[in-house]
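What's counted below: heavy atoms across the whole structure, side chains too, no hydrogens, waters or symmetry copies.
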Amino acid sequence: MSRWRELPAGLHPSVHQLIVRLRTLKDRSGLSTLRLAVRTGYSAKSWQRYLNGRALPPAEAVRAICRVGGDDPAGLLALHEIAAERWAEGGPVPAESHEEPAAAPARTAGDRRPYGRHLRVAVTAGAVVTVVSVSVALLLAVRLTEARAQLARERGDAVATTPATVTADLVPVIYTCRLERLDGRWYAGLSRTRDLLLSNTQVGLEVAEAQCLLRRAGTAPGDIDGIFGPKTRRAVERMQKQNGLIVNGVVDPPTWKALREADPK
């Protein structure tokens, strides 16, 4: 069991309860913060902020850690909705917030220090954006590589298909769809899930499976690359609309059912 830091005293009880339950899921998974980042798609620094009460995790992060911890996300998502409302009302109160601000020094007409300060802020912001972009690219590379290894283990033959891999410039190779119908359901040879939630920014075999089935259903998502991006989301929305489902752009259990059972429109 991890030894956690004490949460900020200013947290609302619903926020406090949410974070405690997230910590429990992380402990149950047995994963380090870095491995949790790889499994969920959210950076290790983000999880450190979420689990120490310095930032409220988004709903997708809650779903992701529930998948890792093997927990039903419904209860935690309901708690997250309440916590988000309380967080929006004020969030944690830092200790220094009650101190009087120091008096600003007098400036002369030729004082250009504010411009220098703004320049430093702009440079710092640019550096942060660069670091985040590189981190996301590296994380994508790790997850796609893991997906390749997983598929090879499941098939017992690393060259039986062409799973997503990562080239030197981090461009993924396309998956091969191997469509077959078993017991009245369609499968593409990449995953047999019928209830895993898939949404924006997720990657892996399940996403590629959904992309193959979307193409079969007549709502092509573009390349079968195992990356849930804007094209895949639009394809999901078109498919949901055609089948009278709730149009939310998320591959949820009703959408999986329609993808596996319905004939192309």
Side-chain angles (χ1 to χ4, degrees), residues 39-41 59-78 81 143-144 146-165 172-265:
R39 294 284 298 278
T40 62
E60 288 300 326
V62 174
R63 289 191 182 94
I65 197 172
C66 283
R67 288 195 298 270
V68 171
D71 197 13
D72 183 356
L76 266 186
L77 289 174
E81 185 175 353
R143 296 196 65 187
L144 289 175
E146 287 187 344
R148 181 186 187 184
Q150 178 185 343
L151 184 61
R153 288 194 300 270
E154 290 177 354
R155 287 183 171 272
D157 182 358
V159 297
T161 185
T162 309
T165 59
V173 178
I174 304 304
Y175 284 84
T176 296
C177 300
R178 299 182 180 276
L179 291 169
E180 61 177 342
R181 194 163 191 175
L182 300 173
D183 299 325
R185 296 188 180 91
W186 285 99
Y187 297 93
L190 299 168
S191 172
R192 291 183 174 268
T193 183
R194 286 185 280 167
D195 55 12
L196 182 64
L197 292 177
L198 299 177
S199 59
N200 277 339
T201 74
Q202 291 182 277
V203 300
L205 297 174
E206 293 80 7
V207 176
E209 176 82 7
Q211 290 173 329
C212 289
L213 297 179
L214 285 166
R215 176 179 288 179
R216 188 201 67 84
T219 56
D223 291 336
I224 310 299
D225 55 9
I227 302 173
F228 200 119
K231 289 184 179 179
T232 299
R233 181 182 178 87
R234 288 193 293 270
V236 171
E237 290 173 345
R238 292 196 303 271
M239 186 270 177
Q240 290 172 330
K241 185 176 181 180
Q242 290 175 2
N243 287 273
L245 303 174
I246 296 175
V247 181
N248 55 15
V250 175
V251 182
D252 50 19
T255 305
W256 276 118
K257 184 175 188 297
L259 285 171
R260 296 225 183 265
E261 297 180 1
D263 292 325
K265 298 292 183 182

Table please: side-chain donor-acceptor pairs of residues 245-254 below 3.5 Å, with sequence neighbours left out.
from	atom 1	to	atom 2	distance (Å)
Asn248	OD1	Gln240	NE2	2.9
Asn248	OD1	Val250	N	3.0
Asn248	ND2	Asp252	OD2	3.3
Asp252	OD1	Thr255	N	3.1
Asp252	OD1	Thr255	OG1	2.6

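Remark: Ala220 engages no residue in a side-chain contact (heavy atoms from CB on, under 4.5 Å) (not counting sequence neighbours).
Considering every non-hydrogen atom in both Thr40 and Ala64, the closest pair reads CB-CB, 3.7 Å. The shortest non-hydrogen separation linking Met239 to Ala258 is CE-CB, 3.1 Å. The shortest heavy-atom contact between Leu196 and Glu206 is CD2-CG, 3.4 Å. The heavy-atom pair separating Leu259 from Ala210 by the smallest distance is CD1-O, 4.4 Å. Of all heavy-atom pairs spanning Gln202 and Leu197, the tightest one is OE1-O, 3.5 Å.
Glu60 and Ser199 form a side-chain donor-acceptor contact under 3.5 Å, judged by distance and modelled atom types alone. Neither side chain, Gln211 nor Asp223, offers a donor N or O lying under 3.5 Å from an acceptor on the other.
Note: Thr176 OG1 to Ile224 CD1 = 10.0 Å, rounded to the nearest 0.5 Å. To the nearest 0.5 Å, the span separating NZ on Lys241 from CD on Glu237 amounts to 10.0 Å. Separation of atoms OG (Ser191) and CH2 (Trp256) is listed at 5.5 Å; rounding is to 0.5 Å. With values rounded to the nearest 0.5 angstrom, Leu198 atom CG is found 7.5 Å from Thr193 atom OG1. Residue Ile174 holds its CD1 atom at 5.5 Å from CG of Asp225, rounded to the nearest 0.5 Å. Atom CD of Glu261 is separated from atom CG of Leu213 by 11.5 Å, given to the nearest 0.5 angstrom.
Taking the charged nitrogens against the carboxylate oxygens, Glu209 and Arg260 do have a contact shorter than 4.0 Å, which makes a salt bridge.
Taking the ring axis of Phe228 as reference, the NZ or CZ atom of Arg233 does not stay both within 45° of it and closer than 6.0 Å to the ring centre.
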Let's go through Val207 and Ile227 carefully: what are the C-alpha distance in whole Å and the side-chain angles of both, what is the deciding distance for side chain to side chain contact (heavy atoms under 4.5 Å, CB included) to 0.1 Å, and is it a yes or a no?
CA-CA 6 Å; Val207 176; Ile227 302 173; 5.7 Å; no
Walk me through it: do Leu190 and Tyr175 pass the test side chain to side chain contact (heavy atoms under 4.5 Å, CB included)?
CA-CA 9 Å; Leu190 299 168; Tyr175 284 84; 3.7 Å; yes
